[in-house]
4 protein chains.
Amino acid sequence: MTVRFAILGAGRIGQVHARAVAATMGAKLVAIADPLAEAARKVADQYGCDIRTIDAIADSADVDAVVICTPTDTHADLIEQCARAGKAIFCEKPVDLDVARVKACLKVVDATNATLMVGFQRRFDPDFMALKRAIDGGAIGDVEMITLTSRDPGAPPADYIKRSGGIFRDMTIHDFDVARWLLGEEIATVQASASVLTDPAIKVLGDYDSVNIILTTASGKQCTITNSRRASYGYDQRIEVHGSKGSVRAENHREANIEIANASGYTRPPLLNFFMSRYTAAYANEIAAFVDAVAKGGATPTTGHDGLRALELADAALQSAQTGHAIRLSDKA
Amino acid sequence: MTVRFAILGAGRIGQVHARAVAATMGAKLVAIADPLAEAARKVADQYGCDIRTIDAIADSADVDAVVICTPTDTHADLIEQCARAGKAIFCEKPVDLDVARVKACLKVVDATNATLMVGFQRRFDPDFMALKRAIDGGAIGDVEMITLTSRDPGAPPADYIKRSGGIFRDMTIHDFDVARWLLGEEIATVQASASVLTDPAIKVLGDYDSVNIILTTASGKQCTITNSRRASYGYDQRIEVHGSKGSVRAENHREANIEIANASGYTRPPLLNFFMSRYTAAYANEIAAFVDAVAKGGATPTTGHDGLRALELADAALQSAQTGHAIRLSDKA
Amino acid sequence: MTVRFAILGAGRIGQVHARAVAATMGAKLVAIADPLAEAARKVADQYGCDIRTIDAIADSADVDAVVICTPTDTHADLIEQCARAGKAIFCEKPVDLDVARVKACLKVVDATNATLMVGFQRRFDPDFMALKRAIDGGAIGDVEMITLTSRDPGAPPADYIKRSGGIFRDMTIHDFDVARWLLGEEIATVQASASVLTDPAIKVLGDYDSVNIILTTASGKQCTITNSRRASYGYDQRIEVHGSKGSVRAENHREANIEIANASGYTRPPLLNFFMSRYTAAYANEIAAFVDAVAKGGATPTTGHDGLRALELADAALQSAQTGHAIRLSDKA
Amino acid sequence: MTVRFAILGAGRIGQVHARAVAATMGAKLVAIADPLAEAARKVADQYGCDIRTIDAIADSADVDAVVICTPTDTHADLIEQCARAGKAIFCEKPVDLDVARVKACLKVVDATNATLMVGFQRRFDPDFMALKRAIDGGAIGDVEMITLTSRDPGAPPADYIKRSGGIFRDMTIHDFDVARWLLGEEIATVQASASVLTDPAIKVLGDYDSVNIILTTASGKQCTITNSRRASYGYDQRIEVHGSKGSVRAENHREANIEIANASGYTRPPLLNFFMSRYTAAYANEIAAFVDAVAKGGATPTTGHDGLRALELADAALQSAQTGHAIRLSDKA
C-alpha cells in the first residue's frame, strides 16, 4: 500500500516534511496547501504534486494522510477536521498551548478512531535511538537518573516568543517528551527554576531564557533538564542516562569531524547550528515511522496523549518556577 | 620560614596529609597523634617525626600548625583548643554536622585570630583550577549555568552512613562548595529531590542515595548537582560551566589513557575508582596552599565560613527534598 | 543548463551514482545501460529513465554526460568511445591497470578535447574537505608530514583480488591520490614494505594484505600510508597532516554517536563497516562537482592525469616492496 | 634489602633520578658525584647524601648501585669501571654512539657478570604499560602493524645536535626500542626517509629534523615511526598497535583535562611540552624496576643488549635514508 499525503503549510517545516514524504518508500506526495500561493507553488513544482485548499484536501478521496505544518493556533481545529474526514494525521507539536483545548481535541480523535501522531522528532534521531536500544538491551541496567541538556544557539525573535507559550511549552517540551520516553515511568513531581540571563527583552515578554527542571517519578527515578536560549558553540543537544549497571550518553553533532592542533591547543569545530540540520535524519525517520504505522494500521510511536503529557509537564514546570513548590501531577491525563 | 606541623589522627586521610606535608617545600612534619599506638608509630617511622598526645601538641612550642584528621564529632572541640593554643589549623570538612555548633566554633576562631582552613580539596584539583582560570580569564564570559556531576563508585558502609549526617552533608557538601566557588555569587534558593534507588538499607537508615539539586542565585544564575552513591564505571567527577560567551568542562580521570578497538567497539578504561587516587594532586596542592598562607600570614583560600555555608546549603537541600519547597537562604551566615 | 546523464553499468556503484545524479540539482538521468536486463530495469524503474545500449548512448543526442561504472578492463575503451562521441565522462578509478594503456587513452581524451573526471571520491568527503580547507586557510602553516591510515574491514573475495591489480593499485591508489592532493607537490620517491598477515590465500594470489609506504617530495615533505585488508573494528579511514604551525586530522565515522560506560570501561560503537555508507556524502558531492564542471565548462576537480599519477605511484610502490629500493618517479607523467 | 645508590652526574636527568631513588621503597641515596661542586652540593643538601668522586664511589663498600647520568661519551668507560667494581649499573641511553664501542663494553659487562640496565623510560610509562598489558592479554590478537608518532616541541640547540649522533641515534632510538618491545620479534629490515624542513641550520650540521621509518620483521610484521623536531602543540607521543583481532592506542597527555567551547569551536589545552613532565611517572617506575631487579638478583627489564639493538637500528635507518635501500639487519647483535 502506498500512503498518499497532503501537506498543510508550505513553510520551513512543511518543506522538510515534503522532502521526507518524497524520499520515503511507500509514501507519495499528492497535494500541498498554503495561503501563500508562491510557497505552495514552490513545493508543487519541486515534487510534482497538486495545490489544493485545506478543505479540498479534507474532501480528497486520493489523500490518506495529512501532515499539519500550519501555525500552532490552527493545529487543534485542523486535527479535528481531518480526523472527521477520516485522514491519518501527523501534526507538529504542540496540539495546542492550552491543556483543555488539547483534551477536547483528543476526544474528537478518539471518537473518530483517527490515527494521530504528534511530531517529537528527537525520538527518531539515530543516536538517540541507539541510546534507547542500549537501554532496552540492558546495557545499563535499570534507569535511575537522566541528564538532558538542550541549548539553542540563540533566542528566537520577540514575535515568535510572544506566540510560543513560553520556553517551557516551546523548547523544554521536547525534553519533557524525551524524559518520559526514557524514564519508562510517568513523572510524579516537577521542580523548576527559571531566570532571564541572556536578554532583558525576554523578561519584558514575561518569558525566561535559562531554566533547570527536576522530574521525579513515583519510584524515585529522577531526570534533570537544563535549557538555555544561548549557546555560542552551536545547537547543544545531549542525553546522559545513568543506570544501575552503567551509563549511556549521546554526543553532539559537529560541523565537521576534524581537529586542529596548534600552540593554542586542540580545536574541533562548533556544533551544527540549526535544529533542521541537526535533526535531518530524525525528520526523515519520523515520517517513515508514520507511513509504516498508517500502512500497517498499527499504533503510531508518538501519540496525542504524548503531546498532552508533555504540555502538562510544561505547565507544571512554569507553576513550580513561579511558586518555588514542587508540583505534583495526577497520574491521569 | 619553615612551617612545623603536627597531624592529629593517623588514619587514612591523616596519612595522606602526612605525605603531603613531608613533600611540601617549607613544611616539616614534627609530630603525629593517634589513640592507636600502632597507627601513630607507622607514620612516625615513615616520616621520622615524634609521637605526641593532642594536648602535648597544643602545648608544643615547636609546632606552628595542625592538621585535624580525627572523627568529625571531635573537629569543633579540637579547632577551639588549637585556636586558643595559637596554632594555625587545617581541618578536614566538616567543622561539625550542626550549624549552631559550627557558628560557636567560628566565634572562637575569630576571637583568637586563628588561621583556619577547611579542607575542600576539589578547589585544588589541577583540572578544576584550570577550569577556574579559564572562567576568570574571560574564556566563557559571564557564568550563567553550572552542571556538577558527582557519583561514588559505591555506597559507604552502614556504620559510616549513620555518622555521616546524610548524603547532602557528607557527599553533596563538596559540590555545594564547588558551586559557591564557581558561581561567584551567594546562593539564594535551593530545590532538591532525593530518593533511594541503589539499596533499601539506605532508606532504613533515613538517608538517600540519589539526589538532584538546583541552586539559584539572586541574579538568576543556576547550578544543578546530580549525585549518586553508585557508578559501575568508577568515581565520576565532572564540572561543566556555561557562560554568556561559551562553556568549559573538566573531564574525568581514567585508570589509563588508552583505547582498545575491536568488533565490540572502541573502549577506554573505567574511571579511577577511589577519591584518594582521583584527588592525589589536589590533596598535595591543598596542603601547599595552607603552608603558603601560614608562612606569609595571608588568608587561606578556603575558610571556616566556607565550611559553614556549605553545611547550610546541605541543610536547605535536605529540607527541600523533604517538603518539596524551594528553600530560601538568608544572605548572612 | 541541465546536464543529461547516462550511466554505463547498473551494478553496486552504478546504483550509487544513479541516486546521486537523481538527487543533484541541474542533473537529469536519461538512460541506463547494463548487459543484465534485470539490473538495468531496476534502475530504470526507480528513476524513470530509459534503458539503452552503450552504443546507443554514445549516439544519443539527448545525453551530455556518461558515468562509467563497468568492469575496470572496459574503462579505457569506453572513455575513448565516449570522448569521440563528444560526451563528458565521469569514470570510476582506475582508467586501466596498465600505465601504457592509460597514457594512450588520455591521448584520445586530449585529442578530442573531452571532459574527463576520474572518481577519487575521498577528495569530496565533507570531513576531508574541511581538513583541506583548514590547510589552505593556513591553520597549520606549511604541510610537512602526512599520515594516512586506511584499513578495510576484511579482504575482498579471491576473484576480485585476481582482477584488482593488487592492493597497491586497488586500495592504496586512493591514498596515493589523497597524498598528492594534500602534499601540494609531486612525489619524488616511493619506499614500500608489503607482507601477507591476514590470509595465506592472498599470498598464493601473488598479492599482499598489509603494506606501509613512505612518499617523499623533492623538497623533503613526507607522507606515510598504512593499509591493511583487515580491521575488526570497521572501515578505518583517517588523515593526519602535520605542518609548520600545527596539525589537523580527520576522524573516523561510527555507527552511532553514543558511549556506554560500565565496569568494563567506556565504549563507543565500531566504525561504519562499508565504504559506501562511509562515503555516502562523498559520492553525492563528487557527482555534484562533475555536474558543476560540465555545466560551466570548467576543469574537473580530478582528472585523467590524477588517475595516471596514482597508478604510477602504485607501480612504484610494488616495485619498491619487491626490491627494497626507493623508486624514483620522473616528474613527467 | 635496601639498595644503596650513588648518582654519577648531578645535571637535569641526574636530579630526576636522585628524586626517584629517594622516593623508591627499598632504595637509599648514599652519594652524588659531579665535577661541578655546586650541582653536587644541591643534590646532597636536598636528599641528605654524601658528595664523592666517581672513583671513590667505585671503591665505596656502602654503594650497591650506580646511576650514570654523565655525558654520553663517558658512559662506556664508566659502565666498565663500575662493572669491574661490582656495582649494579643503571645507565642513561645510549651506552655509546659507536656500535663497536658498545659491543666492547658489553663484553666487559658479561665478563664481570654485572647487572646493567639501559634507561629506555618509555617502557615504564603507565599508559604504554597498560597498552602492553592489553596486547599481552590478547585484547587485539596477534600484533600486525604498529604506528609510532614522536614529535618534539622544538629542536635542541646546535651544540647538543653536534654531540647527539643525529636524530636517529638521539630521538628515534626510543622509538626503535618501543618497536622492538611491542613487535615481539626482531626487526629484519629498515627503510627510512629523512629531510630537513624546520631549520636549514640542522642541514648544515649534517642532521635531519623530519624522518619516517618502516621496520619489517621476518614474518612480515611492520612498524612505522614518524618523527619531527617541531610540534607547535607540544610533546607528541603516541602509539597505535593494530592486531588480528583489534587495535589499541595510547593517547597524549595534556596540560589539563578541560575543554572550552565557544564560537570558534571546542578547544582542549596543548600537550605537556617537556619530556620530563610527560614521563615523570615513567622515570619513577624505571628506577623502581631497577631497584627490584637488583634487590631480587633478577634480570633487568631493559638490558645492554636492548641498547645495542636500538643503536644498530639507528645506524641502519641512517644508511637507508642516505642510500634509499632497505637495510637488512643480521639477526645477531
Side-chain angles (χ1 to χ4, degrees), chain C residues 140-147 149 151 188-199 203 208-234 236 238 240 242-248 270 320-328, chain D residues 140-147 149 151 188-199 203 208-234 236 238 240 242-248 270 320-328:
Chain C
I140 65 164
D142 295 328
V143 168
E144 293 179 354
M145 298 174 90
I146 300 177
T147 305
T149 305
R151 296 184 187 125
T189 59
V190 179
Q191 291 161 285
S193 175
S195 40
V196 175
L197 297 171
T198 76
D199 184 354
K203 193 164 200 169
Y208 307 103
D209 56 22
S210 305
V211 304
N212 276 297
I213 301 109
I214 304 174
L215 307 173
T216 308
T217 71
S219 75
K221 296 179 182 182
Q222 299 167 37
C223 173
T224 58
I225 301 171
T226 188
N227 283 170
S228 172
R229 288 287 197 186
R230 166 157 73 188
S232 65
Y233 39 87
D236 190 5
R238 284 174 286 158
E240 177 169 327
H242 176 75
S244 56
K245 292 186 186 161
S247 118
V248 58
S320 177
Q322 289 171 338
T323 63
H325 297 332
I327 305 302
R328 175 158 280 280
Chain D
I140 65 163
D142 294 328
V143 168
E144 292 178 357
M145 298 174 91
I146 300 177
T147 306
T149 306
R151 296 185 187 124
T189 59
V190 179
Q191 291 162 286
S193 175
S195 40
V196 176
L197 297 172
T198 75
D199 184 355
K203 193 164 199 169
Y208 307 103
D209 56 22
S210 305
V211 304
N212 276 297
I213 302 108
I214 305 173
L215 308 173
T216 308
T217 71
S219 75
K221 296 178 182 182
Q222 298 167 38
C223 174
T224 57
I225 300 171
T226 188
N227 284 171
S228 172
R229 287 289 196 187
R230 164 157 75 187
S232 65
Y233 39 88
D236 189 5
R238 284 174 287 158
E240 177 170 326
H242 175 74
S244 55
K245 292 185 186 161
S247 117
V248 58
S320 178
Q322 289 170 338
T323 63
H325 297 332
I327 305 302
R328 175 158 280 279

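Naming: A, B, ... by sequence-line order, numbering from 1 per chain. Atoms considered below: every heavy atom in the structure, side chains included; atoms not considered: hydrogens, waters and symmetry mates.
Under the 4.0 Å criterion applied to side-chain N and carboxylate O atoms, D/Arg238 and C/Glu240 are assigned as salt-bridge partners.
Between chain C and the residues D/Thr198, D/Asn212, D/Thr216, the most heavy-atom pairs under 4.5 angstrom are made by D/Asn212. Between chain C and the options D/Arg328, D/His325, D/His242, heavy-atom pairs under 4.5 Å are most frequent for D/His242. The most heavy-atom pairs under 4.5 Å with chain D, out of C/Lys221, C/Gln191, C/Lys245, come from C/Gln191. In terms of heavy-atom pairs under 4.5 angstrom with chain D, the leader among C/Ala326, C/Ser210, C/Ala231 is C/Ser210.
How far CE of D/Met145 is from CZ of C/Arg151: 7.0 Å, rounded to the nearest 0.5 Å. Remark: C/Ile213 CD1 to D/Thr224 OG1 distance equals 10.5 Å, nearest 0.5 Å. The OG atom of C/Ser228 lies 9.5 Å from the CD atom of D/Gln222; values are rounded to the nearest 0.5 Å.
Proximity to chain D (any heavy atom under 4.5 Å) is shown, for C/Thr189, by neither the backbone nor the side chain. Using a 4.5 Å cut-off between heavy atoms, C/Asn227 contacts chain D through its backbone alone, with no side-chain atom that close. For a residue to count as touching a neighbouring chain, one of its non-hydrogen atoms must lie under 4.5 Å from one of that chain's; by this rule D/Ser219 touches chain C with the backbone only.
Of all non-hydrogen atoms in C/Gly246 and D/Tyr233, the two that sit nearest each other are C-CE2, 3.9 Å. Among all heavy-atom pairs drawn from D/Ser195 and C/Gly220, the shortest one is OG-O, 2.6 Å. The two residues C/Ile214 and D/Ser193 have their closest heavy-atom pair at CG2-CB, 3.7 Å.
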